[in-house]
There are 2 protein chains.
Amino acid sequence: MAESVTIHGELDLLARAGHLFSSVSEEFVCAARDLDTWPRPRSQESARARVRASPVQRVRKLFSPTVLVGEDSRRGLVELAGSGAQVRIAAGALPHETIVMDRRYAILAGADAPTGRAYTVTTDPAVVGGVYALFEAAWEAATDLAAFLRGEQPHLDSGSRAVLRALGSGATDEAAARELGMSLRTYRRRVAELLAALDAGSRFQAGVRAGELGLTG
Amino acid sequence: MAESVTIHGELDLLARAGHLFSSVSEEFVCAARDLDTWPRPRSQESARARVRASPVQRVRKLFSPTVLVGEDSRRGLVELAGSGAQVRIAAGALPHETIVMDRRYAILAGADAPTGRAYTVTTDPAVVGGVYALFEAAWEAATDLAAFLRGEQPHLDSGSRAVLRALGSGATDEAAARELGMSLRTYRRRVAELLAALDAGSRFQAGVRAGELGLTG
DNA sequence: GAACCGCTGGCAACTAGCTGCCAAACCCCT
DNA sequence: AGGGGTTTGGCAGCTAGTTGCCAGCGGTTC
């Protein structure tokens, strides 16, 4: 096979590069904008089958946050995670679809075109390596799906936000309560509620959670 | 020019793709492991010249945190930022060097080889687009150089890291101290040191700081 | 060995934070 | 107005965290 081939359309891709998928042994990584843009019909089953059928050591899938908007795709994600793949959500937009297999092949999806979506399959080490490293960087900075779902804005009312700010300022409970014009007792009640909402066992942990969720900026 | 060309060695690259650099008009983005791995001699001046000479709208450079270890490269970075380029520091490792120009050409550097480093220059829209999108994702999640230098990791030894982890786990001081095999007194001393290092007035605040600085992942 | 570190860990006094209990205040609905 | 639910805030007792003080315990230095 040449170092780099361009293929138009999904069917053609499956026909000409399908064998690559079954040849994956070590690692399969994928960054995509949508959940399984790709073998579209019966997406969940086929995805699961693909993961389960092959003896791949490690499957990592990185998605844009937009995959979480619909209930369907959200369920698909959870299922995907349940079937052994590591799933993370990036902060921003991602490619249409970019796949690296065993650090040897890369498949990059281009824009839709009249002739079908353009896919480029390459074995060029520089391209594969570069894409893989960029994937790593994006992966590192992304949030695990579980954490993302768990931490999904534990919707806090404005009161709790104020408490959060007070806590973050480093003031003592007494000062904070005075500042907020409420009694010490109530302030502490609020703090307790906040810890419960953040599922934190200590104020420190709550601080970490709050910081991670960007509830303090 | 063909869609994709592989070139061995820096000199050859300059000779055969140098004209691309001067043709850039809109945007020049670059992710690299080191500061200007590449036209090595007089790196600062040439980099600055390159930025200044061309009427490029936007220059973005993303580096691994390792560029900050040496005083020299650190100075180089600041200079680079001063000359108009946007500079950010990623959380993890990056490719040797990956460049995208005007979203039309990409240059990906591979590993060193006997014949010189291998560079792949491509205009394949799928590859360029995929690399660009991954770059975007990594860029979004990275920290601006200025912010990075300002808030630079209050260097913590491994002991403090362990304490940090224990605190983050939500355990009580007693449990944490037992876990870490130290006395309650010492554990709390460590916590106090940590709070001082993070310049935090309360454990909650320390948690926020730690979370923001990503000291808990 | 003696003097001198830095680090540890026990003790103790203190402060801050946590929570159950209850009365008072407030709100909404009839 | 009156009843029922929710929220508030005081009190109290308790636990957890904070800090100073000092006695050890290993190194290093002279």
Side-chain angles (χ1 to χ4, degrees), chain A residues 146-147 149-217, chain B residues 69 150-217:
Chain A
L149 292 176
R150 170 162 39 81
E152 216 170 357
Q153 302 298 65
H155 99 303
L156 305 173
D157 56 15
S158 63
S160 296
R161 304 244 165 200
V163 172
L164 208 49
R165 239 176 297 118
L167 272 171
S169 80
T172 65
D173 287 11
E174 203 175 339
R178 219 174 324 112
E179 177 80 22
L180 296 175
M182 64 177 74
S183 79
L184 190 59
R185 182 67 186 87
T186 304
Y187 176 76
R188 286 184 170 154
R189 220 193 294 269
R190 287 287 152 78
V191 172
E193 288 163 10
L194 200 57
L195 294 216
L198 291 169
D199 190 30
S202 68
R203 290 191 176 199
F204 182 91
Q205 200 174 26
V208 172
R209 294 267 156 81
E212 282 171 350
L213 293 170
L215 297 172
T216 48
Chain B
V69 295
R150 188 159 13 88
E152 210 171 4
Q153 306 297 70
H155 101 303
L156 306 173
D157 56 15
S158 64
S160 297
R161 303 247 165 195
V163 172
L164 208 49
R165 239 176 297 119
L167 272 171
S169 80
T172 65
D173 286 14
E174 202 175 339
R178 219 174 325 111
E179 177 81 22
L180 296 175
M182 63 176 76
S183 78
L184 191 60
R185 184 67 187 84
T186 303
Y187 177 76
R188 287 182 168 155
R189 218 193 295 271
R190 288 287 150 77
V191 172
E193 287 162 12
L194 202 56
L195 294 214
L198 292 170
D199 191 29
S202 69
R203 289 190 177 201
F204 182 91
Q205 198 174 27
V208 173
R209 296 268 157 82
E212 281 171 350
L213 292 170
L215 297 171
T216 48

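Keep in mind that this is a model prediction, so the values were computed, not measured.
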Short N/O separations, protein against nucleotides 24-27 of chain D, under 3.5 angstrom:
none

Within the sub-3.5 Å range, which N or O atoms of nucleotides 17-19 of chain D have a protein N or O partner, and how far apart are they?
unit_1	atom_1	unit_2	atom_2	d
D:dG17	OP1	B:Asp173	OD1	3.4
D:dG17	OP2	B:Asp173	N	3.1
D:dG17	OP2	B:Asp173	OD1	3.4
D:dG17	O3'	B:Arg203	NE	3.4
D:dT18	OP1	B:Arg203	NE	3.4
D:dT18	OP2	B:Arg203	NE	3.0
D:dT18	OP2	B:Arg203	NH2	2.4

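Bending across the helix from C:dG1-D:dC30 to C:dT30-D:dA1, expressed as the angle between its end axes from five pairs apiece, amounts to 30° (10° rounding).
To the nearest 0.5 angstrom, B:Tyr187 atom OH is 3.5 Å from B:Leu167 atom CG. Note that the CZ atom of A:Arg203 and the CG atom of A:Leu198 stand 12.5 Å from one another [nearest 0.5 Å]. Taken to the nearest 0.5 Å, the CG atom of A:Asp199 stands 7.5 Å off from the CD atom of A:Gln205. Taking CZ of B:Phe204 as the start and CG of A:Leu195 as the end, the distance is 8.0 Å to the nearest 0.5 Å.
Under the rule for a side chain to side chain donor-acceptor pair (under 3.5 Å), B:Arg189 has no partner lying at least two apart in sequence or in another chain. Looking at residues two or more places apart in sequence or on another chain, you find no side-chain contact (heavy atoms from CB on, under 4.5 Å) involving B:Ala196. Taking B:Ser202 as the reference, nothing meets the side chain to side chain donor-acceptor pair (under 3.5 Å) condition, with sequence neighbours excluded. Looking at residues two or more places apart in sequence or on another chain, you find a salt bridge (charged side-chain N to carboxylate O under 4.0 Å, His left out) between A:Glu193 and A:Arg190. B:Glu174 pairs by the salt bridge (charged side-chain N to carboxylate O under 4.0 Å, His left out) definition with nothing, not counting sequence neighbours. Residues satisfying the side-chain contact (heavy atoms from CB on, under 4.5 Å) test with A:Ser183, not counting sequence neighbours, are A:Arg185, A:Thr186.
Between B:Leu167 atom CG and D:dA16 atom C1' there is a gap of 13 Å when expressed in whole angstrom units. With rounding to whole Å, B:Glu193 atom CD is found 12 Å from C:dG6 atom C1'.
In this model, the phosphate group of C:dC7 is not approached by any side-chain N or O of B:Arg190 to a distance below 4.0 Å at OP1 or OP2. The phosphate of D:dT8 has neither OP1 nor OP2 within less than 4.0 Å of any side-chain N or O from A:Thr186.
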